[in-house]
2 protein chains.
Amino acid sequence: MATNRFPVMEIFGPTVQGEGMVIGQKTMFIRTAGCDYSCSWCDSAFTWDGSGKQDIRMLTATEIVSELFEIGGDRFSHVTLSGGNPALLTHLNELIGLLHDRGIGVALETQGSLWKEWFLHIDELTLSPKPPSSGMKTDWLVLDDLVARLSEHNRNFCLKVVVFDETDLQFAEEVHRRYPQVQMFLQSGNDDIAESDNAVLLHRLLRRYEWLVESVMASTVFRSVRVLPQLHAWLWGNKRGV
Amino acid sequence: MATNRFPVMEIFGPTVQGEGMVIGQKTMFIRTAGCDYSCSWCDSAFTWDGSGKQDIRMLTATEIVSELFEIGGDRFSHVTLSGGNPALLTHLNELIGLLHDRGIGVALETQGSLWKEWFLHIDELTLSPKPPSSGMKTDWLVLDDLVARLSEHNRNFCLKVVVFDETDLQFAEEVHRRYPQVQMFLQSGNDDIAESDNAVLLHRLLRRYEWLVESVMASTVFRSVRVLPQLHAWLWGNKRGV
Ligand code: SF4
Ligand code: SF4
């Protein structure tokens, strides 16, 4: 019987995954609290900056799964683990095991700063090293190690870099040159996380995506990458829990 | 020496693949002429209705590849075969072979009305049976056969259905129930292919995508599908060759 408890911030869905390697996927989200980073433009800062403290509940894997089914009914068979950084949680394999027992696929996004053995059980894993605009610094040796382990086990994983400006784009090039064999996603950033007028936000996001597309199309470094926006921000703006 | 000639309508790129299983992919497009269907809302009718006849050139695989490099330089390593229906062309394996020799990945989209042996060499293959709103009728036995062959060879392929209305959505359910093991994409349709005001078009497309997302999220049939718009229409409207 699993008795470990995990800090859960939100459970919601089903909704569409708005970004990355399974963009468009119908999925439930489990958002865990806590992050070892503090990115300047973090759109989930409430998971680690104290502002969402009252929403954190310590739940067992069994409790999380029953809440998932309460909310999602029989309308889903895919779950996304999001944060914060879920890689902080040592025993998350308990949750992943329960989900797989029920035929549910599990995706994870993490910045790639920490390794956990349960990464090997994730169906779609995104390593998302943070570019300079975030204010964070990538520990390349740790990231090398993660990429090596996932490659060795033939896992379904990718690299994703959020790009706000030219310097971020250079960082993305560095990532791509370092791991040329790993499928690479470039994502246009949303630096307007306080904008509440969705029409204004949409037009800014479109221009940002267009800029990124043009830059990547002209590049001889990025020859077979994928360039995507955040669909959920286009649809729902900065609203949480959709 | 390859001497077969193929009816080529356009070669352009690199640009982003705006839809489906490799949405966001940086790719060159090769559009071939001719289709065995005549969908009511076809956005490439110029490939088969005679209106683009003067643009069709009969090129060998070698000529196509050299034109690709003339246009795309060293900025790409992915090519998408599009139409019309490229599955009409028996010897396309010649082109695919030349591209693979150069380390270039090859994607194909076809409605699934015809089988070709060279499907087994496609890196990302989309079978896109047409819903009732197209006016076309799916030959299920042919589609069964295609799905069986691709599955048997463990190919990387998916099903995609464009959805305009409730009837199309029911058709998509039928497809998903028939091939539950195949990754399924639902795509919101663009029935405004003559709209030249991109802002007007964008808002209509957003609403359509939102409707499709809501319908699929509420469904107990579509539990782990992917729901996507056409990004290129959001960005560039109905312009050709971008
Ligand atoms: S790693 Fe992610 S969750 Fe953590 S601070 Fe950065 S953006 Fe926020
Ligand atoms: S199958 Fe595709 S190219 Fe052929 S008529 Fe239909 S939409 Fe157009």
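What's counted below: heavy atoms across the whole structure, side chains too, no hydrogens, waters or symmetry copies. Just so we're clear, the structure is a prediction, and the values are computed from it rather than from any experiment. Numbered from 1 within each chain, the chains take letters A, B, ... in sequence-line order.
- For residues 150-172 of chain A, a heavy-atom distance under 4.5 Å to chain B picks out no residue at all.
- At a heavy-atom separation below 4.5 angstrom, chain B is approached by A:Val213, A:Val216, A:Met217, A:Ala218, A:Ser219, A:Thr220, A:Phe222, A:Arg223, A:Ser224, A:Val225, A:Arg226, A:Val227, A:Leu228, A:Pro229 within residues 212-229 of chain A.
- With a 4.5 angstrom heavy-atom cutoff, B:Phe185 does not touch chain A via any of its atoms.
- Chain B forms the most heavy-atom pairs under 4.5 Å with one residue out of A:Ile104, A:Leu206, A:Ile23, and that residue is A:Ile23.
- For B:Leu231, the part lying near chain A is the side chain, with the backbone staying farther off; criterion is any non-hydrogen pair under 4.5 Å.
- Here B:Tyr209 contributes atom OH and A:Leu235 contributes atom CG; the two are 6.0 Å apart, rounded to the nearest 0.5 Å.
- Residue B:Leu202 touches chain A through its side chain alone, counting heavy-atom pairs closer than 4.5 Å.
- Most heavy-atom pairs under 4.5 Å with chain B, from the set A:Glu210, A:Gln17, A:Gln25: that is A:Gln25.
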